[in-house]
**Student:** 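Let me begin by handing over the structure; questions about it come next.
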Amino acid sequence: MNWRDIDAKWQARWEEGRDFEAEPDRREKKFITVAYPYPNSPQHLGHGRTYTIADVHARYCRMRGYNVLFPMGFHYTGTPILGMARRIKDGDPEVLSGLRDIFGVPDDAIATFVDPMKIADYFRAEIRRGMIEIGYSIDWRREFTTVDPAYRRFVEWQVLRLRDRGLIGRGSHPVGWCPADGNPVSQHDTMGDVEPSFTEYDVMLFKSGGRRIPVATLRPETVHGATNIWANPDVEYEVAAVDGEEWIISKECAAKLVHLGRDVEPRGTVRGSELVGASAEPPHGGPPVPVLPARFADPGTGTGLVMSVPAHAPYDWQALADLGGDDLPEPVTIIETEGLGDCPAREACERLGIKDQDDRRLEEATSEIYGKEFYGGRMTGACGDLAGMRVAEARDAAREGLAVPWRLLELDAEVKCRCGERCVVRVLDDQWFLNYGDDAWKRDAASCLGAMEVLPPAIKQEFPRVLEWLRERACARQRGLGTPLPWDGDWIVESLSDSVIYMAFYVVARFVGAGEVSPDELTPGALDHVFLGIGDPPSPAISRMRDEFLYYYPVDSRHSGRDLVPNHLTFFVMNHAALFPREHWPRQIVVNGSVLMDGKKMSKSMGNIVPLRAAVAEHGADPVRLATLLSAELLQDADMDMGAVPGISKRLEALLGSCGPGGAGPGAPAAEDRWMLERLRRTVLAATSSMEGMRLREALRAVLFDIESDLQWWRRRSRSKGKEPDPSIERRVLEARVLMLSPFAPHAADEMWERLGGGGTAARSPWPEPGGAADGAAASSEGLVSGTMEDIARILRTTGMSPSRITIYAAGARARAAYQAILGAAAGGGADMKSVMRGLLAGAETAWVKKDPGFVQKCLKEVLSETAEARADRLAAGPLDEAAILRDELAPLARAEFGAEIEVLEAGAPGIRDPRGKAAHARPFKPAILVE
RNA sequence: GCGGAAGUCGCCCAGCCCGGUCAAAGGCGUAGGGCUUAGGACCCUAUCUCUUAGGAGUUCGUGGGUUCGAAUCCCACCUUCCGCACCA
């Protein structure tokens, strides 16, 4: 099957018909957007998932009659492309082979990649081609990149207005930093892509003569239990004036303090061994403590000097034990914790059998006590002001009162910049940030979220949590592609901050693209008019932009991967709430999971990346789209199985093969025909409801698979009666299926539609309506037939008989009357045996059950174990003439399939043949069966 | 730690939102049969236990609870995976 020809044929038609170009008209609109791609590589199957889901949504909405705007842009902002250009310049073999071997980028293109813009432009074109080839219904007239002059005007407007509202501030902010480059480093900038995470220590100053001995700690509240200070005897410490006071610190610490913005002036050195024996006064004014030697005191951690709290810190207890001798300080217990004894550190060391201070398990002991005491501990009376507080409170109080007013920040592990330099933590004190911690702002955002639909619903609760912990966030950085802050050209608006309200820009982009408005005209005042309706329009074009904005805004649906929930999607909500009036706040967010390949994340190093264009070229657009959508429901991570693609392709091909001009039917529908139409009606209903909830896989399964098995049964039934399935019914089903398939597999569906002679394209036809009322009788009657077939088959299987004659005893009229009464009772909620019996005995037609309560018992059990739908069907249908149905419908089928003579009798009719006394067991929907 | 997701019949995985059609779809594996010179591919049948009449029993991480009825709802616990900020 050559899908590529069909893909190309329909893509050309759509383009010719400008099917996806959207402009305001009288219809109701839907504005559907997806997070635009970052063009630092071609897209792979994983990227394709989000876009495919959004495209299906857009196409579905078009079929529902909406004027759908589905645009696309490209996110150039940020540093990764910059880093990539640098690595290509350096001839990094990993990057080069990735481009060449995985993505097949030609060498002459790679040669230009030393220029980051060339990289972005190349992949932008590549991604756009791919999106067209897979059939996304995008209005390309609105395409832009985030470094286009017009977009820059837009971002400038955005940050200016945010600043006007007092939401952009300036402050100090710690970052991972490369001293050689003089730049902040993020994960993308480090060797091995290590995230530069850091720990914040409090610094407490012990006094020793005129000098200060600073110690760094995570537990300032334990200072009351400090019995000594540890110095490493083999380390040469530095004596330095820090912020004007003379401190003793390790050389490493001195270097860190400089980056943290402290004023450090070296004055000399002192060996650790020389410090031993000195005495130091703790900051809370307690009795002086001695300095003692310990080799675990690491000059690279903290200040290189350690406060010793032997009762609660296993390292400290162990170092004292290692020291030995008589005149050592006694541990002071300052925290009582349920489940821990007097001296938790000693107990932990003894339990783990720790030998000396070099034992690695001390880490384990430390974190265990740390956690237990923090959550369950209370300060004892030995703690001065802190006595009686819970540890968590005491920590804050101690920090407030006893530690220096800044924190010592330190990288958790060694991080190296790609340039090879060892990174440090630096505090930038002129960092621009967005104040996402602002309470009033958060309240607006929460209100926006509350009114918004989030699909799947399960993920909605995640957003308020994110809002809760959100605080200031740096919104500008010093390098990368993007837009400079209008008031401070040294800074570039950071990539997550310049992409929060850009959906509004799609409206404008069309006018810029068509040359109707120049970037220079997009002044802050003009944009105020377009987006906020402030002031008079400076030109007719600006006025039209305003009209178009009013038509398309707000965003009706925002699609994105779930990894963007804690950042982009939340910022999207926050920024809309900050800048736009309530009626322009977004209405829906749709979140999808990621894509796995053979159970693993796609990554270059694993070599399991499948480029989207390659997959489409090999399998065709629709099979790839379907495989992506079928592999998982929205929120689940989709484990792509490329092995399933040929099967999907075959199924589409078979469906296509069945599309022809069709023929007329005999007119009056038979029982199985009525059933088939009822199944179709219910499938349309179910698929529509699935679509509304973006449960695309569910919808697709209904259209592709569920109907198929219904059709099989229907054909079997038709043929058992010695006739061909009614072609007019077949066609009605097929038309509905093709239409419902269209959002998912648009090329194949249009091809099928053409072969059906449907007129126009499937994509431009309306989504099918269920039509008509429920036909409970058809559903129930067919249920009787299939249920009885199953019962016969089951009997044959357990007995191993090959039957020559099967006699079926249908329930008689009085049994059916009782059954209806039981159904009614169950529907009314009075489904207990007692009240059911009482009701039956009161009815003239049903009083006979007095002699056979077992019948009622069984019927009741069966009724209760049917689905609500089946119960409603049976109740609505009223008593069925089961003997007639079984004779006309079941008998031919059973005869054909079991190769036996079939006789249908009505139980209770006079003189019937009943050699084994089976007839008495007949119940409605459960006829008695005799196999001979 | 905080937040989120998940644990299903040998394996993978559907079902859970909306309780009953659920001994629980589908795929893989396994067994038997068909086809074939053979292998593969393909097709059919079986695949929790018991059962020569459509049945019964025990199952959906563990333990409770709600209900006439729980894989599905509620509570607790155990285990695994993911995110936690200046980065797209």
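Note that the coordinates shown come from a computational prediction; the quantities given were computed from them, not determined experimentally. So that the names make sense, note that chain A is the first sequence line, chain B the second, and so on, each numbered from 1.
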**Student:** Would you mind telling me which of B:G4, B:G83, B:C87 lies closest to the side-chain atoms of A:Arg473?
**Tutor:** B:C87
**Student:** Under a 4.5 Å cut-off applied to non-hydrogen side-chain atoms, are A:Leu629 and A:Arg697 in contact?
**Tutor:** no
**Student:** Do the non-hydrogen side-chain atoms of A:Met694 and A:Leu696 ever get within less than 4.5 Å of each other?
**Tutor:** yes
**Student:** Side-chain N or O of A:Arg697 versus OP1/OP2 of B:G15: is the shortest distance under 4.0 Å?
**Tutor:** yes
**Student:** What does B:U59 pair with, Watson-Crick or G-U, if both distances are under 3.5 Å?
**Tutor:** none
**Student:** Rounded to whole Å, how long is the line connecting atom CG of A:Leu467 with atom P of B:A85?
**Tutor:** 18 Å
**Student:** Heavy atoms from C-beta onward define the side chain here; which of B:A88, B:G20, B:C18 lies closest to that of A:Arg695?
**Tutor:** B:C18
**Student:** Polar pairs (N or O, both sides) under 3.5 Å between protein and nucleotides 54-56 of chain B?
**Tutor:**
from  : atom 1 : to       : atom 2 : distance (Å)
B:G54 : O2'    : A:Asp791 : OD1    : 3.0
B:G54 : N1     : A:Pro927 : O      : 3.3
B:G54 : N2     : A:Asp791 : OD2    : 3.0
B:G54 : N2     : A:Pro927 : O      : 2.8
B:G55 : OP2    : A:Arg794 : NH1    : 2.9

**Student:** Assign each of A:Glu472 and A:Glu932 to its nearest nucleotide of RNA chain B by heavy atoms, then name whichever residue's nucleotide is nearer the 5' end.
**Tutor:** A:Glu932
**Student:** Tell me, do A:Arg473 and A:Met574 make a side-chain contact under 4.5 Å, heavy atoms counted?
**Tutor:** no
**Student:** Between B:A25 and B:U21, how far is it from one P atom to the other, in whole Å?
**Tutor:** 13 Å
**Student:** If I take atom CD in residue A:Glu692 and atom C1' in nucleotide B:C18, what distance separates them, rounded to the nearest angstrom?
**Tutor:** 17 Å
**Student:** Using the ring of each side chain (for Trp, its six-membered ring), is A:Phe571 parallel, tilted or perpendicular to A:Tyr436, with breaks at 30° and 60°?
**Tutor:** parallel
**Student:** Using only modelled atom types and a 3.5 angstrom limit, is any donor from either the side chain of A:Arg477 or the base of B:C86 paired with an acceptor on the other?
**Tutor:** no
**Student:** Regarding A:Thr77, tell me which of base, sugar-phosphate or nothing describes its non-hydrogen contacts under 4.0 Å with the strands shown.
**Tutor:** sugar-phosphate
**Student:** Is the shortest side-chain heavy-atom distance between A:Lys460 and A:Leu449 below 4.5 Å?
**Tutor:** no
**Student:** Would you please name every residue forming a side chain to side chain contact (heavy atoms under 4.5 Å, CB included) with A:Ala476, sequence neighbours left out?
**Tutor:** A:Trp432, A:Leu485, A:Trp491
**Student:** May I ask which nucleotide in the shown strands pairs with B:C18, Watson-Crick or G-U wobble, both distances under 3.5 Å?
**Tutor:** none
**Student:** Is the distance from OP1 or OP2 of B:A88 to the nearest side-chain N or O of A:Thr79 less than 4.0 Å?
**Tutor:** yes
**Student:** Using the C1' atom as the reference point in each nucleotide, state the distance between B:G3 and B:C13 in Å, no decimals.
**Tutor:** 27 Å
**Student:** Flag the pair A:Val425 / A:His259 as yes when at least one side-chain heavy-atom distance between them is below 4.5 Å, and no otherwise.
**Tutor:** no
**Student:** Given the P atoms of B:U66 and B:G29, what is the spacing between them in whole Å?
**Tutor:** 46 Å
**Student:** Whom does B:U79 pair with, Watson-Crick or G-U wobble, provided both distances fall under 3.5 Å?
**Tutor:** B:A6
**Student:** Does B:U47 pair with anything, Watson-Crick or G-U wobble, both distances under 3.5 Å, and if so, with which nucleotide?
**Tutor:** B:G29
**Student:** Using atom P of each nucleotide, how far apart are B:G19 and B:U72 to the nearest Å?
**Tutor:** 12 Å
**Student:** Which value, in whole Å, describes the distance between the P atoms of nucleotides B:A6 and B:C75?
**Tutor:** 15 Å
**Student:** Could you check whether any side-chain heavy atom of A:Pro37 comes within less than 4.5 Å of a side-chain heavy atom of A:Tyr51, counting everything from C-beta outward?
**Tutor:** yes
**Student:** In terms of the nearest nucleotide of RNA chain B, which residue is placed more toward the 5' end: A:Leu930 or A:Gly78?
**Tutor:** A:Leu930
**Student:** Specify the separation, in whole Å, of atom CG of A:Asp430 and atom P of B:C86.
**Tutor:** 17 Å
**Student:** Hey, does A:Tyr502 have a side-chain heavy atom less than 4.5 Å from the side chain of A:Val155?
**Tutor:** no
**Student:** Whole Å only: how far is the CG atom of A:Leu569 from the C1' atom of B:A85?
**Tutor:** 15 Å
**Student:** What is the separation between atom CG on A:Leu470 and atom C1' on B:G83, rounded to the nearest whole Å?
**Tutor:** 14 Å
**Student:** Write down the distance between CZ (A:Phe572) and P (B:A88), rounded to a whole number of angstrom.
**Tutor:** 20 Å
**Student:** In whole Å, I'd like the distance from the CD atom of A:Glu462 to the C1' atom of B:C82.
**Tutor:** 10 Å
**Student:** Please work out if A:Ile459 contacts a base, only the sugar-phosphate, or nothing of the nucleic acid, heavy-atom cut-off 4.0 Å.
**Tutor:** nothing
**Student:** Using the C1' atom as the point on both nucleotides, what is the distance between B:G34 and B:C18, in whole Å?
**Tutor:** 45 Å
**Student:** A:Leu629 CG to B:A14 C1': how many Å, rounded?
**Tutor:** 17 Å
**Student:** Please give the nucleotide sitting opposite B:G39 as a Watson-Crick or G-U wobble pair, both distances under 3.5 Å, or none.
**Tutor:** none
**Student:** What's the closest nucleotide to the A:Asn567 side chain, out of B:A88, B:C17, B:A85?
**Tutor:** B:A88
**Student:** With both distances kept under 3.5 Å, what pairs with B:G69, Watson-Crick or G-U wobble?
**Tutor:** none
**Student:** So, OP1 or OP2 of B:G4: does either fall under 4.0 Å of a side-chain N or O from A:Arg465?
**Tutor:** yes
